> 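So that we are looking at the same thing, I have put the structure below in structure tokens.
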Amino acid sequence: MSLEIGLIVEGKVVSITKFGAFIELPNGHTGLVHISEISSEYVKEVKDFLKKDDKIKVKIIGKNKKGKFDLSIKQAKLPEPAQEKPVQKKKFRSPGEGEQKSTPGQGFSRKPGVNFEERLAQFLKDSEERQLDLKKNTEAKRSKGRYNR
């Protein structure tokens with residue numbers, strides 16, 4: 001039996017560390033289940049979820065340079081997507097339908113075709129303009145109250 005990425009196999013816990021557990025796979029191969037791949041819950045201690053010599057089902061999610069496998073218990077438990085799901089048709093809207101009018105400070109709408117750098121540049125420009133407006137208003141309020149009496 002050859003081990004391939006995406007395959008779900010049964011293995012035996014060989015050792016437990018702070019960062020995960022080493023699993024012995026069929027054919028004598030070894031793999032690591034990282035602490036983040038043990039459960040969908042928060043895992044503080046690996047030993048709370050696994051014990052040495054436990055038999056568990058794992059999914060092979062990768063292979064490192066040393067020939068050891070990256071494994072996941074969490075992904076092995078996920079249900080496989082159904083082969084024949086009914087396709088939902090998307091409702092297309094006419095231009096302007098359902099759009100919110102944006103005012104400064106409300107956020108940015110995602111425009112198709114605008115890349116991250118352009119959005120970031122626009123954000124910085126708008127942010128600087130708002131900062132200048134706030135600074136002008138604050139200075140005007142301060143100077144009116146103290147010195148013009």
Side-chain angles (χ1 to χ4, degrees), residues 1-139 141:
M1 172 183 181
S2 65
L3 299 176
E4 300 172 8
I5 295 175
L7 193 64
I8 296 177
V9 295
E10 188 168 302
K12 181 175 132 183
V13 178
V14 177
S15 66
I16 296 176
T17 64
K18 289 182 179 181
F19 55 87
F22 288 96
I23 310 296
E24 184 180 318
L25 302 172
N27 298 341
H29 290 88
T30 306
L32 171 71
V33 177
H34 188 265
I35 191 169
S36 64
E37 291 293 332
I38 291 176
S39 175
S40 56
E41 299 175 27
Y42 175 72
V43 179
K44 186 173 182 179
E45 296 285 330
V46 177
K47 62 185 175 186
D48 294 341
F49 288 82
L50 299 172
K51 294 178 182 64
K52 189 173 180 184
D53 296 326
D54 278 355
K55 297 224 182 242
I56 55 168
K57 287 193 179 210
V58 292
K59 181 175 182 178
I60 301 172
I61 58 174
K63 189 173 184 180
N64 66 18
K65 295 176 185 174
K66 295 180 181 179
K68 298 195 181 215
F69 292 94
D70 297 322
L71 308 172
S72 173
I73 298 170
K74 183 167 59 172
Q75 291 182 29
K77 291 180 181 177
L78 292 177
E80 291 295 321
Q83 293 289 340
E84 295 182 29
K85 276 190 173 178
V87 179
Q88 291 182 328
K89 293 184 179 181
K90 291 185 178 180
K91 179 185 173 189
F92 292 99
R93 59 184 175 161
S94 60
E97 179 186 339
E99 292 181 6
Q100 294 179 346
K101 293 183 180 177
S102 152
T103 58
Q106 242 187 349
F108 296 97
S109 63
R110 290 194 173 218
K111 297 176 186 172
V114 179
N115 66 16
F116 175 74
E117 286 81 15
E118 291 171 352
R119 290 193 344 233
L120 182 61
Q122 183 64 41
F123 171 79
L124 290 173
K125 179 183 169 191
D126 292 344
S127 178
E128 287 175 7
E129 288 175 0
R130 285 192 295 268
Q131 289 292 332
L132 286 174
D133 288 344
L134 286 171
K135 190 174 183 180
K136 286 178 188 175
N137 289 337
T138 305
E139 287 176 0
K141 288 178 184 177

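This structure is a prediction, so every number in the text was calculated from the model and none was measured.
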> Going by the rule side-chain hydrogen bond (donor to acceptor under 3.5 Å, both in side chains), which residues pair with S15 if we only count those two or more places apart in sequence or in a different chain?
none
> For a side chain to side chain contact (heavy atoms under 4.5 Å, CB included) check, start with the C-alpha distance between D126 and R130, then their side-chain angles and the critical distance, and finish with the verdict.
CA-CA 6 Å; D126 292 344; R130 285 192 295 268; 3.7 Å; yes
> Can you check side chain to side chain contact (heavy atoms under 4.5 Å, CB included) on V9 and L71, steps first, answer last?
CA-CA 10 Å; V9 295; L71 308 172; 5.8 Å; no
> With rounding to the nearest 0.5 Å, note down the distance linking CD in Q131 to CG in D133.
9.5 Å
> Ignoring hydrogens, what is the shortest heavy-atom contact between K57 and I8? Give both atom names and the distance.
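Nearest heavy atoms, K57 then I8: CB-CG2, 4.4 Å.
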> Would you confirm whether S127, through its side chain, and F123, through its main-chain N or O, come within 3.5 Å as a donor-acceptor pair?
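A pair under 3.5 Å: no.
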> Is V33 close to V58 at the side-chain level, that is, under 4.5 Å between some pair of heavy atoms?
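Yes, at least one pair of side-chain atoms sits under 4.5 Å.
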> Quick one: do L25 and L3 satisfy side chain to side chain contact (heavy atoms under 4.5 Å, CB included)? Show the steps, please.
CA-CA 9 Å; L25 302 172; L3 299 176; 4.0 Å; yes
> For S72, which of H34, K77, K59, E37 qualifies under side-chain hydrogen bond (donor to acceptor under 3.5 Å, both in side chains)?
E37
> Return each pair, listed once, that meets side-chain hydrogen bond (donor to acceptor under 3.5 Å, both in side chains) where at least one residue sits in residues 38-49; pairs must be two or more places apart or across chains.
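Counting only pairs at least two positions apart or across chains, no side-chain hydrogen bond (donor to acceptor under 3.5 Å, both in side chains) contact touches residues 38-49.
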> To check you understand the geometry: which heavy-atom pair defines the closest contact between V14 and K52, and what is its length?
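It is O-CE, 3.1 Å.
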> Find the distance between CG (L50) and CD1 (I56) and round it off to the nearest 0.5 Å.
5.0 Å
> Ignoring hydrogens, what is the shortest heavy-atom contact between Q75 and I61? Give both atom names and the distance.
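Minimum heavy-atom separation between Q75 and I61: OE1-CG2, 3.2 Å.
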> Which atoms form the tightest heavy-atom contact between I5 and K63, and what is the distance?
CD1-N, 4.4 Å
> How about L32 and N64: do any of their side-chain heavy atoms sit closer than 4.5 Å?
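Contact flag for L32/N64 side chains = no.
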> Check the pair I23, F69 against side chain to side chain contact (heavy atoms under 4.5 Å, CB included), reporting the backbone distance first and the verdict last.
CA-CA 9 Å; I23 310 296; F69 292 94; over 6 Å; no
